[in-house]
2 protein chains.
Amino acid sequence: MRPTMKDVASAAGVALKTVSRVVNDEPGVHPATAERVRTAIDRLGYSRNESARVLRRGTTATIGLVIEDVADPFYSGLSRAVEDVVIEHGCLLLSGSSGEEPGRERELVETFCARRVDGLIVVPAGADHTYLRSELETGTPVVFADRPPGAGIDVDTVLTDNVGGAGQAVRHLLGHGHRRIAFLGDDPAIFTAAARLHGYREALGGLFDERLVSMRSPSPEAVRADLTGMFALDDPPTALFTGNGRYTVTTLRALAGRRVALVGFDDFELADLLDPGVSVVAQDPSWMGRVAAELLFRRLRGDGGPPEHIQLPVRLIARGSGELLL
Amino acid sequence: MRPTMKDVASAAGVALKTVSRVVNDEPGVHPATAERVRTAIDRLGYSRNESARVLRRGTTATIGLVIEDVADPFYSGLSRAVEDVVIEHGCLLLSGSSGEEPGRERELVETFCARRVDGLIVVPAGADHTYLRSELETGTPVVFADRPPGAGIDVDTVLTDNVGGAGQAVRHLLGHGHRRIAFLGDDPAIFTAAARLHGYREALGGLFDERLVSMRSPSPEAVRADLTGMFALDDPPTALFTGNGRYTVTTLRALAGRRVALVGFDDFELADLLDPGVSVVAQDPSWMGRVAAELLFRRLRGDGGPPEHIQLPVRLIARGSGELLL
DNA sequence: GTGAAAGCGCTAACAG
DNA sequence: CTGTTAGCGCTTTCAC
């Protein structure tokens with residue numbers, strides 16, 4: 001039904017190999033012959049079967065990307081940047097969302113490996129990546145982005161300066177006179193959440209009070225309940241540090257206009273249009289994606305050096321909410 | 001280097017076909033034999049070569065999705081929904097961003113077809129889809145989402161009620177006393193932009209004034225310039241209707257607090273937190289994704305009925321900005 | 001239950 | 001410049 005090279009060959013009255021040459025722009029085909037072949041290709045509506053080509057050549061020109069959720073602006077920004085780099089290199093991107101489930105992460109990685117991707121970029125959901133070992137031994141380069149791999153796997157990583165960023169946020173609030181600074185963030189099982197908690201705690205020093213820490217689901221109810229609890233304390237927080245974009249937004253909603261200083265980790269659209277503007281410690285998701293993808297292609301080009309561990313800086317953007325004085 | 005079924009077979013002391021049976025969970029293998037095979041698979045770190053399988057079977061269990069830009073929340077929401085449905089059906093998703101370039105759209109579609117996707121979901125950037133004809137004849141189902149295909153191609157579509165939604169927005173503003181209602185939107189070459197302009201114009205009737213229409217790039221500068229021009233008129237607009245989420249946000253920024261009524265097409269995060277809250281005509285991108293994907297899988301299951309044209313309704317959400325009285 | 005042989009559509013290696 | 005042959009790793013068909 002679908003025409004093959006053989007069909008094109010007989011239609012053009014040449015050997016199969018000649019068609020292959022034309023299709024692949026290989027030199028050494030007489031222009032007239034090439035033209036005849038191209039005509040036959042157009043007439044039959046021929047399109048090369050990539051699976052057959054991959055099977056024969058052993059390389060797929062495909063990169064796999066595992067993220068947490070495409071619908072999250074951080075990851076969709078990262079995705080887009082990865083896609084652009086992948087395209088620049090003439091490759092195709094295979095991507096999937098783990099939904100923060102380790103099992104799904106692994107399934108995706110294994111599916112991608114079964115499709116013989118040339119390389120992988122992974123934002124891990126799980127903490128055990130020993131399942132990657134045989135693939136790594138086969139020589140497939142893997143870059144971890146946003147979060148590092150579990151113990152025992154030493155590969156390239158591109159991470160944000162989470163500890164430093166959290167410290168910057170807290171010191172900013174301290175500098176504006178606050179001493180009761182709460183932290184709302186994800187479950188510390190998530191690497192970035194734990195790192196940001198660490199930076200927060202370190203910067204606070206003796207001012208740390210575990211009653212001002214809430215790390216659980218970013219559901220409106222949970223955030224609201226925890227905030228209510230904190231504000232009911234004898235010495236309630238006068239400032240908040242939120243651990244990621246989702247928490248910042250949920251917290252803003254839960255605050256319902258209450259006047260508290262706030263600095264959030266992650267920038268988000270419209271942060272400048274709120275009143276007051278929301279001060280944030282901004283990451284650059286597309287930078288992360290680009291750096292990870294470029295590192296991967298460097299490996300693909302044969303760079304066999306030791307694993308690199310890149311840390312991207314963050315930038316504090318003051319817009320008002322973090323500058324409310326005590 | 002990478003182990004094949006043949007390697008597993010000799011390691012387990014069975015024939016290649018037996019390994020194939022085990023890998024594919026085919027019945028009729030003695031449990032003990034199967035166990036021996038599985039052990040060999042684990043020991044060698046075998047993973048089936050999907051390209052070889054695809055070549056032989058002729059079906060890829062892969063769906064292709066072409067959108068405009070993953071980094072746009074509308075399309076990333078749609079993507080995620082498509083991905084979920086695709087996963088439910090045990091398939092893999094191949095997706096790419098056209099960046100609103102017809103050439104890129106076509107390249108993506110052709111790349112996906114060369115990879116022999118079982119079906120395609122396309123948010124077109126171009127207006128000519130005759131290049132799809134041979135693929136359609138081959139029997140590959142294609143669903144267009146958000147925008148219809150160009151002339152001469154009759155396939156399934158899943159669109160939003162753009163005309164109706166724009167009308168709803170305009171009538172809402174008319175109902176609050178406004179008579180000078182401006183429209184800011186994308187280039188009318190984009191289907192949705194043209195449809196929304198049409199709905200706007202129809203609802204305005206005799207009140208339509210082309211000086212109150214701005215349809216060009218959503219750059220802050222362009223929007224600001226056009227708004228300045230409109231407000232300098234003798235009878236300036238007292239209300240705005242923005243043609244999509246990007247325009248709404250850009251416009252809000254350009255307004256810099258000026259008191260004008262506004263209804264935007266597309267909902268967006270934080271619309272409720274601004275002051276006043278931003279009234280919108282909301283689409284549901286994940287609903288659109290889900291509907292398109294389910295329709296595609298219905299076709300893949302053999303539903304050969306005539307092309308379906310699904311129109312999804314919109315919902316007006318009043319939050320304050322659209323209810324400012326004249 | 002198990003296996004041998006053919007062949008999916010292509011490219012690599014070598015002839016002419 | 002053009003053609004022939006072998007074989008990538010798998011599934012299908014049929015035989016035992």
Side-chain angles (χ1 to χ4, degrees), chain A residues 1-38 40-41 44-62 111 113-118 135 138-139, chain B residues 1-38 40-41 44-62 110-111 113-118 134-135 138-139:
Chain A
M1 32 165 288
R2 215 187 255 273
T4 72
M5 272 194 182
K6 206 172 140 194
D7 299 326
V8 175
S10 50
V14 296
L16 184 132
K17 177 70 225 196
T18 302
V19 180
S20 172
R21 287 202 179 91
V22 173
V23 169
N24 296 299
D25 288 319
E26 279 172 36
V29 178
H30 193 90
T33 316
E35 205 35 51
R36 217 147 27 96
V37 170
R38 263 187 277 274
I41 286 177
L44 299 179
Y46 170 78
S47 125
R48 178 173 63 195
N49 183 324
E50 215 56 34
S51 302
R53 170 172 227 242
V54 162
L55 176 58
R56 186 61 242 237
R57 301 201 41 179
T59 170
T60 56
T62 305
T111 307
C113 291
R115 307 248 169 173
R116 299 292 184 264
V117 291
D118 294 335
E135 191 65 26
T138 309
Chain B
M1 32 166 293
R2 218 188 254 273
T4 72
M5 272 195 182
K6 204 172 140 194
D7 301 325
V8 174
S10 49
V14 296
L16 186 134
K17 175 68 228 196
T18 302
V19 179
S20 171
R21 288 202 178 90
V22 172
V23 168
N24 295 299
D25 288 319
E26 280 172 35
V29 178
H30 193 90
T33 316
E35 204 35 51
R36 220 152 19 101
V37 170
R38 263 187 277 273
I41 287 176
L44 298 179
Y46 169 78
S47 125
R48 177 173 62 195
N49 184 324
E50 214 58 30
S51 302
R53 170 172 228 243
V54 163
L55 176 58
R56 191 56 243 241
R57 301 199 41 178
T59 169
T60 56
T62 305
E110 285 175 346
T111 308
C113 290
R115 306 245 170 176
R116 299 292 184 263
V117 290
D118 295 334
S134 70
E135 191 66 26
T138 310

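Every chain is numbered from 1, with letters handed out A, B, ... down the list of sequences.
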Any side-chain N or O of A:Asn24 under 4.0 Å from OP1/OP2 of C:dT11?
yes
To the nearest Å, give me how far apart CG (B:Asp7) and C1' (D:dG9) are.
10 Å
Shortest non-hydrogen pair, A:Val23 vs A:Arg48, comes out as CG1-NH1, 3.8 Å
A:Ser20 side chain to A:Leu16 main-chain N or O, any donor-acceptor pair under 3.5 Å?
no
Okay, side chain of B:Arg36, backbone of B:Ala12: is any donor-acceptor separation there less than 3.5 Å?
yes
Student check: side-chain heavy atoms of B:Asn24 and B:Arg53 closer than 4.5 Å:
yes
Counting just side-chain N and O atoms, does A:Arg53 come under 4.0 Å of either OP1 or OP2 of C:dT11?
yes
Tell me: CG of A:Asn49 to P of D:dG9, nearest whole Å?
17 Å
Provide, to the nearest angstrom, the distance between the CG atom belonging to A:Leu55 and the P atom belonging to C:dG9.
12 Å
Separation of C:dC8 atom C1' from B:Arg57 atom CZ, nearest Å, is 13 Å
Please state how far atom CZ in A:Arg116 lies from atom P in C:dC10, giving the value in whole angstrom units.
21 Å
Atom CZ of B:Arg115 to atom P of C:dC8: distance rounded to whole Å?
22 Å
So, OP1 or OP2 of D:dT11: does either fall under 4.0 Å of a side-chain N or O from B:Ser20?
yes
Whether B:Arg48 contacts D:dT11 is assessed here as follows: a side-chain N or O lying under 4.0 Å from the phosphate OP1 or OP2. Is that the case?
yes
Can you name the one residue among A:Val14, A:Thr18, A:Ile41, A:Val22 that meets side chain to side chain contact (heavy atoms under 4.5 Å, CB included) with A:Val8?
A:Ile41
How about B:Arg115 and A:Thr62: do any of their side-chain heavy atoms sit closer than 4.5 Å?
yes
In this structure, how many angstroms lie between the P atom of D:dT12 and the CE atom of B:Met5, rounded?
11 Å
Kindly write out the residues that satisfy salt bridge (Lys or Arg N to Asp or Glu O under 4.0 Å) with B:Arg116, not counting sequence neighbours, or none if the list is empty.
none
Measure from the side-chain heavy atoms of A:His30 and tell me the nearest of C:dG9, D:dC1, C:dT2.
D:dC1
For A:Lys6 and C:dT11, what is the distance between atoms NZ and P respectively, to the nearest whole Å?
16 Å
4.5 Å side-chain heavy-atom contact, B:Thr4 and B:Asn49
no
Between protein and nucleic acid, restricted to nucleotides 3-7 of chain C and to nitrogen or oxygen atoms under 3.5 Å apart, what atom pairs and distances do you find?
from: C:dG3; atom 1: OP2; to: B:Ala15; atom 2: N; distance (Å): 2.9
from: C:dG3; atom 1: OP2; to: B:Thr18; atom 2: OG1; distance (Å): 2.7
from: C:dG3; atom 1: N7; to: B:Arg21; atom 2: NH1; distance (Å): 3.4
from: C:dG3; atom 1: O6; to: B:Arg21; atom 2: NH2; distance (Å): 2.8
from: C:dG7; atom 1: N2; to: B:Arg56; atom 2: NH1; distance (Å): 3.0
from: C:dG7; atom 1: N3; to: B:Arg56; atom 2: NH1; distance (Å): 3.3

Return the minimal non-hydrogen interatomic distance between B:Ala15 and B:Ala9, and the atom names on each side.
C-CB, 3.8 Å
Looking at five pairs on each end of the helix from C:dG1-D:dC16 to C:dG16-D:dC1, what is the angle between the two axes, given to 10 degrees?
30°
